[in-house]
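A quick note: this is a predicted structure, and the numbers were derived from the prediction, not measured. Quick note: residue numbers are just sequence positions, from 1.
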Amino acid sequence: MSKKVLIVEARFYEDMADALAEGAAAVLDAAGVAYERVSVPGVLEVPVAIKYSADSNAYDGYVALGVVIRGETTHYETGPRVLVILDEIG
C-alpha cells in the first residue's frame, strides 16, 4: 500500500519556504512516498489547511512547513501557538 502525504507550506518568507519544501520533497522522494503540496499565506493558516485535509481522510500524513522570525513585532509568538494547534489536530 502506497502512502500519500500533504505538504502544507506557509509562503510568507518565500526563499526559506522554497528551501524547506525542497528538503521535505527530497526526503519523501527518497522514501518513495507520494505527496502533494499546498501553500498558505502564513504559519497561522497551516493548521487550518491540515485540519480541512484531515477531515477528508485523503492523506496518510502531513508535513507542516513555515518560518517564524523574531523581529520588531511579536509575530514570533505565534510559533508555539501553531505547534499546540497542530498537536491537538494530530
Side-chain angles (χ1 to χ4, degrees):
M1 174 190 246
S2 63
K3 300 289 183 183
K4 187 173 183 183
V5 169
L6 180 64
I7 299 173
V8 179
E9 52 185 288
R11 301 292 307 165
F12 191 81
Y13 296 102
E14 294 211 5
D15 291 343
M16 288 183 252
D18 288 340
L20 290 171
E22 289 170 13
V27 169
L28 293 171
D29 286 337
V33 176
Y35 61 89
E36 292 181 17
R37 289 172 58 179
V38 64
S39 62
V40 295
V43 295
L44 290 176
E45 293 83 12
V46 170
V48 176
I50 290 175
K51 175 65 174 139
Y52 281 128
S53 298
D55 289 344
S56 73
N57 294 318
Y59 301 96
D60 298 299
Y62 301 90
V63 176
L65 301 176
V67 177
V68 178
I69 297 175
R70 184 175 185 159
E72 293 181 18
T73 67
T74 58
H75 289 132
Y76 67 91
E77 294 175 357
T78 62
R81 292 185 196 132
V82 169
L83 294 175
V84 169
I85 295 167
L86 287 171
D87 185 50
E88 289 173 356
I89 292 170

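- In terms of heavy-atom proximity, Val48 sits nearest to Leu44 at CG2-O, 4.1 Å.
- Within the 4.5 Å cutoff, no side-chain heavy atoms of Asp60 are placed close to those of Val33.
- Tyr35 approaches Asp29 most closely through the heavy-atom pair CE2-OD1, 3.1 Å.
- Transitive grouping of hydrophobic side chains (ILVMFWY, heavy atoms separated by less than 4.5 Å) keeps Val27 and Leu65 in distinct clusters.
- With rounding to the nearest 0.5 Å, the separation of CD in Glu22 from CD in Glu9 is 10.0 Å.
- Side-chain atoms of Glu45 come within 3.5 Å of backbone atoms of Gly42 as a donor-acceptor pair (strictly under, hydrogens ignored).
- Of all heavy-atom pairs between Ala10 and Gly66, the closest is CB-CA, 4.0 Å.
- For the pair Tyr62 and Leu6, the minimum side-chain heavy-atom distance is below 4.5 Å.
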- Task: Give the intermediate values and the outcome of side chain to side chain contact (heavy atoms under 4.5 Å, CB included) for residues Leu28 and Ile7.
- Result: CA-CA 10 Å; Leu28 293 171; Ile7 299 173; 3.8 Å; yes
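- At a threshold of 4.5 Å between non-hydrogen side-chain atoms, the residues Arg11 and Asp18 count as touching.
- Within a 6.0 Å sphere centred on CG of Asp15, heavy atoms belonging to other residues, nucleotides or ligands number 12 at most.
- Residue Phe12 places its CZ atom among 12 or fewer non-hydrogen atoms of other residues, nucleotides or ligands, all under 6.0 Å distant.
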